[in-house]
Amino acid sequence: MSEKNQPENYSLQEEKQFLARVMETLNRTLIQFTERIQGISKDLHEAKEYMYEHKASMDRMEKYATIQSIFHGSIVGEGVVEHRKNIEKLLVSPYFGRIDFSEMGSKQSIPLYIGIHSFFDKSVQTNLIHDWRAPVSSMFYDFELGQAYFDAPEGRVEGSISLKRQYKIRNGRLEYMIENPSTVYDEVLQQVLSESSDRKMKNIVATIQRDQNPIVRNETSRVLIIQGVAGSGKTSIALHRIAFLLYRYKDTISADNILIISPNKVYADYIANVLPELGEERIPEMGMEELAAKVLQHRFQFQTYYEQVNHLLEKNDKAFTERIDFKSSAELLTRLDQFLVHINNEYFSPADLWVGRSLVPEWFIREKFESLHRLPVMKRFGILAQAIEDNILFYYKREVSAEERKFILKGVMGMFRVTNLRLLYREFYNWLGKPGMLKMTARSKYEFADVFPLIYLMIRFEGHQPFEQVKHLLVDEMQDYSPVQYAVLSRLFPCNKTILGDSNQKVSLAGSSTAEKIREVMQDAEVMKLRRSYRSTWEITRFAQQILPDSQLIAMERHGEKPVVKKWADKQQEVLSVAEHIKNFKASGYQSFGIICKTQKQADWLFEQINGDGEMVSKLSDQSTTFSNGIIITPVHLSKGLEFDQVVVPFVSDDNYKTELDKHLLYISCTRAMHRLELSYSKLPSRFIADFLK
């Protein structure tokens with residue numbers, strides 16, 4: 001924005017002068033931190049050298065004091081290095097917003113500059129920049145000019161805002177300044193959304209909207225479900241929420257205490273730099289398969305989720321689909337609970353137990369076993385065996401031998417009909433009268449749909465060790481997880497949770513796809529909805545709405561090219577069209593180009609067809625671990641959560657996209673596009689785009 005477009009030129013000049021002073025102070029502070037780090041490093045080096053040279057002559061107390069000094073110096077040094085990193089980030093863009101706030105009863109209006117980190121200027125004993133997560137900064141997002149308030153630790157502070165400004169500062173240079181009484185600065189937001197996707201997911205602190213801010217700063221919900229439409233920024237908002245909680249509770253929670261359940265490694269890599277941009281460490285992440293293997297301690301082999309999706313999309317296996325549907329239903333969880341009651345009541349057959357010449361009567365064993373009903377069955381046997389030992393000591397005045405101890409444990413376990421988890425899981429389906437619902441794969445692996453029912457049975461029957469070090473769990477793509485998976489997560493992670501997703505973006509019609517269904521398992525959950533879509537242009541959003549209407553979605557008024565649907569004579573012509581798009585991509589000015597196929601098989605075939613052109617084209621598969629800009633060919637289920645400047649969706653023929661599930665897959669593909677979208681087909685177009693062609 002040019003200077004002539006500024007509201008008042010003198011204000012712009014004052015802002016430039018203030019920015020220059022801030023940059024000077026930051027640079028001076030950076031030099032001080034650098035010198036301090038060098039001094040600490042020198043002191044540590046000298047202390048280590050002294051200890052190495054004199055360790056033979058040092059007494060115990062001197063060694064201890066030297067070690068403590070080195071340890072303390074290292075801790076201080078790490079803190080100074082962290083502060084220097086924050087200063088370096090502020091030097092690129094020290095702040096992005098300003099509000100002038102006066103407390104009620106005060107005539108003085110104080111300018112508050114807001115940035116990614118706070119900066120306290122010791123020379124004037126004041127905060128030059130306030131962290132966006134600080135309580136006072138919430139007013140920037142929540143209020144227009146006029147009355148405002150923020151909730152400080154000591155209570156609510158009321159007052160009024162007399163000025164609001166937003167800035168774009170790059171490498172210490174003020175590129176533009178906007179003064180507007182509105183909370184949502186459309187001009188800034190439009191400019192940010194119009195930019196090419198030249199990086200992975202970005203931080204959005206400068207453009208957090210009024211409906212998003214309460215989610216970011218929510219401190220009260222034990223389980224918070226964010227249900228957002230495609231492109232609503234739900235994942236980014238969830239990550240900013242994590243950054244806020246790490247700031248708010250920095251004395252009790254750290255990055256190591258948070259876990260992200262992500263759909264795949266590519267997506268985990270795609271979102272990985274958001275928190276470091278906000279000054280936080282990278283958060284541990286884990287996929288559902290990795291979690292399952294960890295909990296099961298690799299006792300069982302199972303099909304991957306990726307293999308399940310491929311089988312579902314590529315083969316017309318009705319029985320397979322029926323098994324997934326049942327195991328993804330709320331009924332399965334209910335029936336598992338009923339089965340556990342059944343085995344507790346029917347599978348234990350106590351009998352008199354002779355330990356040498358000492359008789360332990362059946363009634364004693366039965367009563368003790370039943371008194372332990374709150375414990376998992378396998379946890380009861382050790383306690384029951386100890387009670388039998390105590391019984392013998394009390395009545396027969398003797399201690400049992402080591403051999404007798406083993407005999408007792410084996411004896412009481414033998415009174416339970418089945419103690420093998422694998423056999424017990426099979427008996428569950430026999431008890432249901434549906435033995436055909438359990439079918440192993442060709443390599444004697446469990447189907448993925450069986451993994452979490454098996455884990456749930458294991459937790460309830462054998463017991464489990466919860467992940468107590470995890471104090472906050474973030475679950476993304478909530479629509480792809482079933483009730484039994486949420487039941488497992490509840491038991492493994494008895495901590496606060498943030499769960500997010502979109503019921504329209506599912507790659508299976510089964511499962512717990514809505515917030516309402518999740519609340520049936522996690523009854524203390526609070527639901528917050530994001531209805532405004534920011535990612536795609538208005539034209540692309542409206543096109544996607546014709547495929548899968550969502551009456552709650554509000555399209556962003558950012559206009560661009562209309563989506564294009566092209567008919568070709570055959571698939572080979574479609575391939576040539578994709579190859580032409582790839583050649584033209586470099587001149588387009590865009591940074592990312594997604595070619596999204598329905599299945600992995602189609603993506604593999606297309607990649608082989610065009611890879612000989614010598615263009616730099618990447619392909620995503622279940623083996624992929626990183627996201628890179630440029631040209632990517634991917635199956636739709638690996639594209640979820642990603643976004644591209646330009647998207648081409650090939651093979652949108654009616655024989656390829658015809659089922660209810662296909663409709664959701666096509667919707668996901670189209671909503672990955674930010675600026676340009678093209679679909680192609682041969683023969684007949686998919687019924688889901690037929691109306692667009694009229």
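Cation-pi geometry between Lys168 and Phe96 is not met: the NZ or CZ atom fails to fall both under 6.0 Å from the ring centre and inside 45° of the normal. A cation-pi arrangement is absent between Arg133 and Phe244 under the rule of less than 6.0 angstrom and at most 45 degrees off the ring axis.
Ring-centre distance between Phe467 and Phe493: below the 6.0 Å cut-off. In this structure, Tyr149 has its ring center closer than 6.0 angstrom to the ring center of Phe143.
The closest donor-acceptor contact from the side chain of Ser138 to the backbone of Pro135 lies under 3.5 Å. Checked by atom type and distance alone, the side chain of Ser41 never pairs as donor or acceptor with a backbone atom of Ile37 at under 3.5 Å. Using modelled atom types, one side-chain atom of Gln212 and one backbone atom of Ser232 make a donor-acceptor pair closer than 3.5 Å. A donor-acceptor contact shorter than 3.5 Å is absent between the side chain of Arg165 and the backbone of Arg98. Side-chain atoms of Lys497 come within 3.5 Å of backbone N or O of Cys495 as a donor-acceptor pair. A donor-acceptor pair under 3.5 Å links the side-chain atoms of Thr671 to the main chain of Ile668, judged by distance alone. Side-chain N or O atoms of Asp269 include none that pairs as donor or acceptor with a backbone N or O of Ala272 at under 3.5 Å.
Between Glu88 and Leu30 the shortest side-chain heavy-atom distance falls below 4.5 Å. Looking at Arg491 and Pro466, their side chains never come closer than 4.5 Å, going by heavy atoms from C-beta outward. Using a 4.5 Å heavy-atom threshold, the side chains of Ile99 and Phe140 count as touching. Leu489 is listed as a side-chain neighbour of Met288, based on a closest heavy-atom distance under 4.5 Å. Two residues are said to be in side-chain contact when any heavy atoms from C-beta on lie closer than 4.5 Å; Leu245 and Ile253 fail this criterion. In this structure, Phe120 and Leu128 have side chains that are not in contact, with every pair of non-hydrogen atoms separated by 4.5 Å or more. For the pair Leu677 and Thr537, the minimum side-chain heavy-atom distance is 4.5 Å or more. In this structure the side chain of Ile518 reaches within 4.5 angstrom of the side chain of Met478, judged on heavy atoms.
Here the CD1-CG distance, from Ile226 to Leu474, works out to 7.5 Å after rounding to the nearest 0.5 Å. To the nearest 0.5 Å, atom CD1 of residue Ile554 and atom OG of residue Ser533 are 10.0 Å apart. Taken to the nearest 0.5 Å, the CG atom of Leu638 stands 5.5 Å off from the CG atom of Asn264.
The pair Glu643-Arg535 meets the salt-bridge criterion, with a side-chain N (NZ, NE, NH1 or NH2) lying under 4.0 Å from an Asp/Glu carboxylate O. A salt bridge does not link Lys164 to Glu144: none of the charged nitrogens lies less than 4.0 Å from a carboxylate oxygen.
Summarising the geometry of Thr252 relative to Lys471, their closest heavy-atom pair is O-NZ, 2.9 Å, with the distance given to 0.1 Å. Contact detail for Ala238 and Leu500: the closest heavy-atom pair is CB-CD2, 3.6 Å. In this structure, Gly115 and Ile129 approach most closely via the heavy-atom pair N-CG2, 3.6 Å. Between Ser592 and Asp645, the shortest heavy-atom distance links the atoms OG-N, 2.9 Å. Scanning both residues, Arg241 and Ile215, for their nearest heavy atoms gives CD-O, 3.4 Å. Counting all heavy atoms, side chain and backbone alike, Lys640 lies closest to Gln505 at NZ-O, 3.3 Å.
Using cut-offs of 30° and 60° on the angle between ring planes, the pair Trp132 and Tyr141 is perpendicular. Between Phe627 and Tyr270, the angle of the ring planes goes over 60°, which puts this pair in the perpendicular group of the 30/60° scheme.
Among residues two or more places apart in sequence or in another chain, the ring pair (Phe, Tyr, Trp, His ring centres under 6.0 Å) test is passed with His130 by none. Listed by chain and residue number, Glu35 satisfy the side-chain contact (heavy atoms from CB on, under 4.5 Å) test with Ile31 (two or more places apart in sequence, or in another chain). Annotation: salt bridge (Lys or Arg N to Asp or Glu O under 4.0 Å) contacts of Arg36 (sequence neighbours excluded): none.
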**Q.** Test side-chain hydrogen bond (donor to acceptor under 3.5 Å, both in side chains) applied to Glu175 and Tyr167, step by step
**A.** CA-CA 8 Å; Glu175 294 190 353; Tyr167 314 90; over 6 Å; no
Q: Take Glu290 and Lys265 through the salt bridge (Lys or Arg N to Asp or Glu O under 4.0 Å) test and state the conclusion after the steps.
A: CA-CA 11 Å; Glu290 189 180 350; Lys265 294 293 183 183; 3.4 Å; yes
Q. Taking it one step at a time, do Thr235 and Asp476 satisfy side-chain hydrogen bond (donor to acceptor under 3.5 Å, both in side chains)?
A. CA-CA 7 Å; Thr235 302; Asp476 208 344; 3.1 Å; yes
(Q) Determine whether Tyr486 and Glu520 satisfy the following criterion, side-chain hydrogen bond (donor to acceptor under 3.5 Å, both in side chains), listing intermediate values before the conclusion. (A) CA-CA 10 Å; Tyr486 284 110; Glu520 292 175 10; over 6 Å; no
(Q) Does Asn504 form a side chain to side chain contact (heavy atoms under 4.5 Å, CB included) with Asp550? I'd like the steps, not just the answer. (A) CA-CA 9 Å; Asn504 283 335; Asp550 184 347; 3.6 Å; yes
Q.
side chain to side chain contact (heavy atoms under 4.5 Å, CB included), that's the test. Do His472 and Thr498 meet it? Break it down for me.
A. CA-CA 8 Å; His472 198 101; Thr498 301; 2.8 Å; yes
Q: Test His240 against Ile204 for side chain to side chain contact (heavy atoms under 4.5 Å, CB included), laying out the working first.
A: CA-CA 8 Å; His240 283 67; Ile204 57 167; 3.6 Å; yes
Q: List the steps, then state whether side-chain hydrogen bond (donor to acceptor under 3.5 Å, both in side chains) holds for Gln479 with Glu477.
A: CA-CA 5 Å; Gln479 67 277 1; Glu477 301 296 345; 2.5 Å; yes
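Atom CD of Glu526 sits in a crowded spot, with more than 12 heavy atoms from other residues, nucleotides or ligands closer than 6.0 Å. Counting heavy-atom neighbours within 6.0 Å of Gln469 CD, excluding the residue itself, gives a total above 12. Annotation for Lys89: atom NZ counts as buried by contact number, over 12 foreign heavy atoms lying within 6.0 Å.
Screening Phe101, Tyr95, Phe119 against Tyr113 for a ring-ring contact (aromatic ring centres under 6.0 Å, His included) leaves a single residue, Tyr95.
Using modelled atom types, one finds no donor on one side chain facing an acceptor on the other under 3.5 Å when comparing Ser503 with Thr514.
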